[in-house]
Asker: 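Supplied in structure tokens, the structure appears directly below.
Indexing begins at 1, ligand by ligand and atom by atom, following the structure's order. No hydrogens, no waters, no symmetry mates; every other heavy atom, side chains included, goes into these values.
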Amino acid sequence: MASLCSRLILRNSRRAFSYSAARCDLKKFPEPLELATGLEKKELLAHLAGNDDPFMMGSIKKRETTKDNPIIIPSAFDSRLIGCICEEEQTYVCWMWVHAGPPRRCECGYWFKLVEKTPITAQ
Ligand SMILES: [Zn+2]
């Protein structure tokens with residue numbers, strides 16, 4: 001009886017592992033670029049082209065500024081929230097909105113100006 005049961009189990013388990021014509025090629029995983037779509041694909045293509053910050057999310061180094069020579073803030077919108085670490089030892093960030101139009105001055109004296117940037121679209 002036990003051998004009959006084990007034969008049935010083995011026969012049923014063989015059916016579960018049957019092969020078909022639609023086998024996967026397990027030797028190669030697809031590249032992330034092959035799987036990505038939309039904005040993720042645009043971001044990966046920008047990285048391949050050498051642009052490590054396609055959405056302009058990285059920090060901007062401060063330098064001496066004047067109202068005529070402000071720090072440029074790229075944005076695809078009419079305004080952008082920026083954070084300024086006004087002094088080197090400061091433990092908090094001064095947040096402020098920079099709008100399209102004339103440059104805006106932080107309370108520490110640095111000037112910022114919003115400049116329109118073409119947005120990265122999914123298409
Ligand atoms: Zn500041």
Side-chain angles (χ1 to χ4, degrees):
M1 186 69 177
S3 65
L4 179 63
C5 287
S6 63
R7 281 186 198 156
L8 285 175
I9 290 172
L10 283 175
R11 190 170 56 189
N12 286 340
S13 65
R14 274 189 226 135
R15 286 183 185 161
F17 295 110
S18 66
Y19 291 96
S20 66
R23 262 190 349 195
C24 294
D25 186 10
L26 297 177
K27 294 179 182 175
K28 180 186 171 226
F29 288 105
E31 294 293 322
L33 188 60
E34 296 173 22
L35 296 174
T37 60
L39 278 178
E40 183 184 6
K41 188 165 192 163
K42 294 276 185 175
E43 184 178 7
L44 290 173
L45 289 172
H47 281 283
L48 287 177
N51 185 0
D52 289 335
D53 190 17
F55 299 112
M56 303 281 190
M57 299 291 287
S59 63
I60 298 173
K61 290 269 184 193
K62 287 203 309 188
R63 56 175 170 75
E64 290 298 318
T65 61
T66 61
K67 187 174 184 177
D68 297 329
N69 187 18
I71 294 174
I72 301 299
I73 306 294
S75 176
F77 302 100
D78 289 339
S79 58
R80 185 168 182 178
L81 183 67
I82 65 167
C84 179
I85 301 174
C86 300
E87 296 175 19
E88 201 169 307
E89 304 295 324
Q90 186 172 316
T91 57
Y92 60 93
V93 178
C94 289
W95 296 100
M96 67 177 184
W97 284 96
V98 178
H99 302 282
R104 180 157 184 204
R105 186 177 185 197
C106 181
E107 56 191 46
C108 66
Y110 284 92
W111 288 89
F112 301 94
K113 179 171 178 55
L114 193 80
V115 173
E116 185 178 340
K117 177 191 177 297
T118 306
I120 296 176
T121 59
Q123 298 175 8

Asker: Can you give me every donor-acceptor pair (side chain of residues 44-56, partner residue at least two apart or in another chain, under 3.5 Å) with its distance?
Answerer:
residue	atom	partner	partner atom	Å
N51	OD1	D53	N	3.1
D53	OD1	M56	N	3.3
D53	OD1	M57	N	2.9
D53	OD2	M57	N	3.2
D53	OD2	G58	N	2.8

Asker: Nearest 0.5 Å please: distance from the CD1 atom of I60 over to the CD1 atom of I72.
Answerer: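 So the gap between those two atoms works out to 9.0 Å.
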
Asker: Could I get the full list of side chain to side chain contact (heavy atoms under 4.5 Å, CB included) partners for E64, not counting sequence neighbours?
Answerer: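 With neighbours one apart ignored, the set is empty.
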
Asker: Could you give the distance from CZ (R80) to NZ (K117), rounded to the nearest 0.5 Å?
Answerer: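 Reported value, rounded in 0.5 Å steps: 9.0 Å.
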
Asker: Show me, pair by pair, the donor-acceptor contacts under 3.5 angstrom made by side chains of residues 97-116, not counting sequence neighbours?
Answerer:
residue	atom	partner	partner atom	Å
R104	NH1	W97	O	2.5
K113	NZ	G101	O	2.7

Asker: Protein N/O/S atoms under 2.8 Å of the Zn ion (ligand 1)?
Answerer: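 Listed by chain and number, the nearby protein N, O or S atoms are C84 SG, C86 SG, C106 SG, C108 SG.
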
Asker: Could you pull out the closest heavy-atom pair between P70 and K67, with the gap in Å?
Answerer: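 Looking at all heavy atoms of both residues, the shortest contact is CD-O, 3.6 Å.
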
